[in-house]
Protein chains: 2
Amino acid sequence: MNEKLAVARLKALADPARLKLVRILADLPDEHTLRDERCGTAYGVCFCHLEDRLGLSAPTVSHHLKVLREAGLIEAIRAGRWTYYRLNPAGLNGLLQELAELQPKPIRLELAQ
Amino acid sequence: MNEKLAVARLKALADPARLKLVRILADLPDEHTLRDERCGTAYGVCFCHLEDRLGLSAPTVSHHLKVLREAGLIEAIRAGRWTYYRLNPAGLNGLLQELAELQPKPIRLELAQ
DNA sequence: CAAGACGTTTTATATATATCAAACTGAATC
DNA sequence: GATTCAGTTTGATATATATAAAACGTCTTG
């Protein structure tokens, strides 16, 4: 992952409202999640539910979701008049791998001659 | 980790200059790293080196280091007139664990009766 | 103790951004 | 087609913050 993308993803998560949004999407609340009728696969969580949970205006929630989407952390699906949001697992995984590389390097042993 | 701390750590990393600082500290450049003479354990990287690598003014670099320090991601050590900085592994690890929990939950199987 | 070296803190400023109201868009319904 | 519904985009504003100059604190050295 390039640096710009890593920073964009960190910025996207570095806000209480957006971190909360991601947590809600990670939990997939049964009531407000659109699923495939046959296998139960989750398509996403309804915008209205996210708005309720955040207690922020619709424009503000929409703005935060856009930031997360442009960072590749979530995806949106339109179904008629409603919009459903869900995590993009690849986005979060990419960031996790990037951050894991920042952990202290293991000691390089130099064997005695 | 509480939410405030997680956001503070994400904010701290969500800046090009600070992410670069953390990367430099993760790499521990031999030339500018203070080590224990006997075992070679790294105490930290000299401030002057970080200033050089970032190409920003000393006050700005000092500001960024303070943000990282207050987020618990790095530590500072004074040695005479010089200051050395190093990663605080626990800080980054804590954040990584926090983010790992955001990954999609495994499917809860409901066995047929 | 005076002078210099190395960072930090304070202050000022310009940019970024979180928030909401108002206006807009596209889909469903009458 | 007109109206309503569900979000999004635009515009305005207040707050946060990245940056550097100036002032300061602290340690070393003459």
Side-chain angles (χ1 to χ4, degrees), chain A residues 3-25 31-34 43-71 73-86, chain B residues 3-25 31-34 43-71 73-86:
Chain A
E3 191 214 300
K4 291 238 172 188
L5 183 56
V7 168
R9 286 182 175 168
L10 287 164
K11 265 205 174 85
L13 293 175
D15 176 275
R18 290 195 292 264
L19 188 56
K20 189 169 182 180
L21 282 173
V22 170
R23 282 184 170 139
I24 296 170
L25 297 184
E31 328 84 73
H32 296 90
T33 298
L34 180 65
Y43 290 141
V45 179
C46 179
F47 174 91
C48 61
H49 177 64
L50 301 173
E51 191 183 349
D52 288 348
R53 291 284 303 273
L54 256 63
L56 295 173
S57 72
T60 298
V61 175
S62 188
H63 159 70
H64 286 310
L65 289 167
K66 187 178 186 180
V67 171
L68 288 168
R69 195 154 39 76
E70 289 178 344
L73 291 170
I74 68 173
E75 299 168 331
I77 293 177
R78 290 292 294 259
R81 285 193 298 209
W82 294 277
T83 311
Y84 295 86
Y85 285 90
R86 66 178 173 196
Chain B
E3 190 212 302
K4 291 238 172 189
L5 184 54
V7 169
R9 286 181 175 169
L10 286 164
K11 265 205 174 84
L13 292 176
D15 175 275
R18 290 194 291 264
L19 189 56
K20 189 168 182 180
L21 281 173
V22 171
R23 282 183 169 140
I24 296 170
L25 296 185
E31 329 84 74
H32 296 91
T33 298
L34 180 65
Y43 290 140
V45 179
C46 179
F47 174 90
C48 61
H49 178 64
L50 302 174
E51 191 183 351
D52 288 349
R53 289 285 303 272
L54 257 64
L56 294 173
S57 71
T60 298
V61 175
S62 188
H63 160 69
H64 286 310
L65 289 167
K66 188 178 186 180
V67 171
L68 288 168
R69 196 154 40 75
E70 289 178 343
L73 292 170
I74 68 173
E75 298 168 331
I77 293 177
R78 291 293 292 261
R81 285 191 299 210
W82 293 275
T83 310
Y84 294 86
Y85 285 90
R86 67 178 174 196

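All chains are named by letter (A, B, ...) in the order of the sequence lines, taking the proteins before the strands, and each is independently numbered beginning at 1. Hydrogens, waters and symmetry mates are skipped; everything else that's a heavy atom, side chains included, is used.
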Fill in the blank from the handout: Between NE2 of His32(A) and P of dA6(D) the distance, given in whole Å, is 13 Å
Exercise for the section: Give a yes or no on whether the backbone of Glu75(B) and the side-chain of Arg69(B) come within a donor-acceptor separation of less than 3.5 Å. Expected result: no
Problem - Chi angles and distances behind the side chain to side chain contact (heavy atoms under 4.5 Å, CB included) call for Cys46(A), Tyr85(A) - result: CA-CA 6 Å; Cys46(A) 179; Tyr85(A) 285 90; over 6 Å; no
Exercise for the section: Report the C-alpha separation of Leu54(B) and Ile24(B) in whole Å, then their side-chain angles, then the decisive distance to 0.1 Å, and conclude whether the side chain to side chain contact (heavy atoms under 4.5 Å, CB included) test is met. Expected result: CA-CA 10 Å; Leu54(B) 257 64; Ile24(B) 296 170; 4.0 Å; yes
Practice task
May I ask you to test the Arg86(A)-Val45(A) pair for a side-chain heavy-atom distance under 4.5 Å?
Solution key: no
Practice task
Show your reasoning for whether side chain to side chain contact (heavy atoms under 4.5 Å, CB included) applies to Leu13(B) and Leu73(B).
Solution key: CA-CA 9 Å; Leu13(B) 292 176; Leu73(B) 292 170; 3.8 Å; yes
Problem - Under the 3.5 Å Watson-Crick or G-U criterion, the dot-bracket string of DNA chain D, with | for inter-strand pairs - result: ||||||||||||||||||||||||||||||
Practice task
Before giving the answer on side chain to side chain contact (heavy atoms under 4.5 Å, CB included), spell out for Glu3(B) and Arg23(A) the whole-Å C-alpha distance, their side-chain angles and the decisive distance to 0.1 Å.
Solution key: CA-CA 11 Å; Glu3(B) 190 212 302; Arg23(A) 282 184 170 139; 3.5 Å; yes
Practice task
Could you tell me whether the side chain of Arg18(B) and the main chain of Lys11(B) form a donor-acceptor pair under 3.5 Å?
Solution key: yes
Handout entry: Residue whose nearest DNA chain C nucleotide is more 5′ - Gly80(A) or Asp15(A)
Key = Asp15(A)
Report each atom pair, protein N/O against N/O of nucleotides 7-10 of chain D, whose distance is under 3.5 angstrom.
{"from": "dT8(D)", "atom 1": "OP1", "to": "Tyr85(A)", "atom 2": "OH", "distance (Å)": "2.6"}
{"from": "dT8(D)", "atom 1": "OP2", "to": "Ser62(A)", "atom 2": "OG", "distance (Å)": "2.8"}
{"from": "dT8(D)", "atom 1": "O5'", "to": "Ser62(A)", "atom 2": "OG", "distance (Å)": "3.3"}

Exercise for the section: Check whether any side-chain heavy atom of Leu25(A) lies under 4.5 Å from a side-chain heavy atom of Leu68(A), and answer yes or no. Expected result: no
Completion exercise
Counted 5' to 3', the first and last nucleotides of DNA chain C within 4.0 Å (strictly under) of a heavy-atom of chain B are dG4(C) to dT9(C)
Exercise for the section: Check whether any side-chain heavy atom of Val7(A) sits under 4.5 Å from a side-chain heavy atom of Leu19(B), and report yes or no. Expected result: yes
Handout entry: Qualifying residue for side chain to side chain contact (heavy atoms under 4.5 Å, CB included) with His64(B), from Val22(B), Leu21(B), Leu50(B)
Key = Leu21(B)
